[in-house]
Amino acid sequence: MTLPTDKPRAAADTLRGGPRLRRVRTGVPLSLLIPALIGVAFLTAPLIALLVRTPWHSLPTQLTSPDVWQALQLSLICATLATGVSLVIGVPLAWLLARVDFPGRGLVRALVTLPLVLPPVVGGVALLMALGRNGIVGQWLDAWFGITLPFTTAGVVIAEAFVAMPFLVISVEGTLRAADPRYEEAAATLGASRFTAFRRVTLPLIAPGIAAGAVLAWARALGEFGATITFAGNFPGRTQTMPLAVYLALQSDPEAAIALSLVLLAVSIAVLAGLRDRWMSAG
């Protein structure tokens, strides 16, 4: 029953398409607020401590030393090459998982994403068992082609690609599943081959997802430690990347370790800032 005083409001609600829900403001319960604040402090306190303890007066000297530049240059080169490897084989793999229905697809997806949760040291040991000089694949590479991957710069790239490629695959597969496959079907009806449709239609559609996945893979490769030191070792100028240099400097020169850590922190913040627009639009 509608009261006479409610008739104007009911008429206005009818014109709007229905009654408008009222927002009820409620207070934040302490049982949720306190753990949330503890979580914020737990995640930010180490980063703040790193900034507080940074030797700002000697930071330029630390960052311009030849060893730091050597490790930084090697890290940037290896991370970029690992990202390139991930793009070449990761994008087709993501397309296969998103577009082709084949037996065991769930198992393949689980194996592809396993490096995300696998301890990096275990990944390094697995790479040694597979690609080492006596590994199941590495022994044939050494005997037939004379190729030895462990404890080389190429080994760094392989180790970083192993742990970073799942980030790219997950990002690209999600973008492919969100893309409308009817565009590819329309291209096929116009006479385009499957590969041409992928190259001319699908790739432009999923380019933002590929870019986001590549940035995440690059950042993960740049910060890789466990698999790298296990499979490639820690040789200055050849396999010593920035995370390995931080670990080594922490034992003899803590100020240098803090300076190197600050560089990696700055790179991580830059990556998050670069992906912020994509995350906000996805939300």
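Residue numbers count from 1 along this sequence.
- When all heavy atoms are compared, the tightest approach of Val246 to Ser261 is CG1-OG, 3.5 Å.
- In this structure, the separation between CG on Leu262 and CG on Leu51 is 6.5 Å, given to the nearest 0.5 Å.
- Ala249 and Ala257 make their closest contact through CB-N, 3.8 Å (heavy atoms, listed as atom of the first residue, atom of the second, distance).
- Linking ILVMFWY side-chain heavy atoms closer than 4.5 Å, directly or via other members, places Ile269 and Leu47 in a single hydrophobic cluster.
- Using a 4.5 Å heavy-atom cutoff, the side chains of Val169 and Val91 are not in contact.
- At least one side-chain heavy atom of Leu81 sits under 4.5 Å from a side-chain heavy atom of Ile77.
- Counting all heavy atoms, side chain and backbone alike, Thr54 lies closest to Leu50 at OG1-O, 2.5 Å.
- Dense packing is recorded around CD of Gln139, with more than 12 heavy atoms of other residues, nucleotides or ligands lying under 6.0 Å away.
- The nearest pair of heavy atoms linking Val156 to Arg238 is CG2-O, 4.4 Å.
- The backbone N or O of Leu97 sits less than 3.5 Å from a side-chain atom of Arg105, completing a donor-acceptor pair.
- Ile89 and Val112 end up in the same hydrophobic cluster when Ile, Leu, Val, Met, Phe, Trp and Tyr side chains are linked at under 4.5 Å.
- Side chains of Leu131 and Phe231 form a contact here, defined as non-hydrogen atoms less than 4.5 Å apart.
- Of all heavy-atom pairs between Ile229 and Gly226, the closest is CG2-O, 3.4 Å.
- Put simply, the side chain of Glu160 gets close to the backbone of Ala79: a donor and an acceptor are under 3.5 Å apart.
- Both Val137 and Leu149 are assigned to one and the same hydrophobic cluster, defined by single-linkage of ILVMFWY side chains at heavy-atom distances under 4.5 Å.
- For the pair Arg99 (side chain) and Leu176 (backbone), a donor-acceptor distance under 3.5 Å is present.
- Inter-residue side-chain proximity for Trp95 and Val100 is flagged as met; some heavy-atom pair is nearer than 4.5 Å.
- For the pair Val267 and Leu222, the minimum side-chain heavy-atom distance is below 4.5 Å.
- Atom CE in Met165 sits 8.0 Å away from atom CG in Leu168 (nearest 0.5 Å).
- Residues Leu96 and Leu203 fall within the same hydrophobic cluster, defined by Ile, Leu, Val, Met, Phe, Trp and Tyr side chains chained together at heavy-atom separations under 4.5 Å.
- Note that CG of Leu37 and CG of Leu32 are 11.0 Å apart. Values are rounded to the nearest 0.5 Å.
- To the nearest 0.5 Å, atom OG1 of residue Thr228 and atom CE of residue Met242 are 13.5 Å apart.
- Interatomic distance, CG of Leu248 versus CD of Gln240, reported as 5.5 Å (0.5 Å rounding).
- By the 4.0 Å N-to-carboxylate-O rule, Arg109 lies close enough to Glu173 to be salt-bridged with it.
- No single ILVMFWY cluster, assembled from side-chain heavy atoms under 4.5 Å apart, contains both Leu250 and Leu244.
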Hey, mind stepping through Ile210 and Thr175 against side chain to side chain contact (heavy atoms under 4.5 Å, CB included) and telling me if it holds? CA-CA 8 Å; Ile210 294 177; Thr175 307; over 6 Å; no
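- Contact between Thr113 and Pro166 at its shortest, heavy atoms only, is CA-CB, 4.3 Å.
- With Glu224 contributing its side chain and Ala227 its backbone, the two residues share a donor-acceptor pair below 3.5 Å.
- Remark: the backbone N or O of Thr241 is not paired with any side-chain donor or acceptor of Ser75 at under 3.5 angstrom.
- For the pair Ile38/Pro35, no side-chain contact is recorded, criterion being any heavy-atom separation below 4.5 Å from C-beta on.
- Heavy atoms from other residues, nucleotides or ligands lying under 6.0 Å from CZ of Arg200 number 12 at most.
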Evaluate Val108 against Phe102 for side chain to side chain contact (heavy atoms under 4.5 Å, CB included), listing each step before the verdict. CA-CA 10 Å; Val108 173; Phe102 58 90; 3.9 Å; yes
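- For Phe42, the CZ atom sits in a loose shell: 12 or fewer heavy atoms of surrounding residues, nucleotides or ligands are nearer than 6.0 Å.
- Residues Leu76 and Leu72 meet the side-chain proximity criterion, which asks for heavy atoms closer than 4.5 Å.
- The distance from atom CH2 of Trp56 to atom CD1 of Ile258, rounded to the nearest 0.5 Å, is 10.5 Å.
- Using modelled atom types, no side-chain atom of Thr239 and backbone atom of Phe151 make a donor-acceptor pair closer than 3.5 Å.
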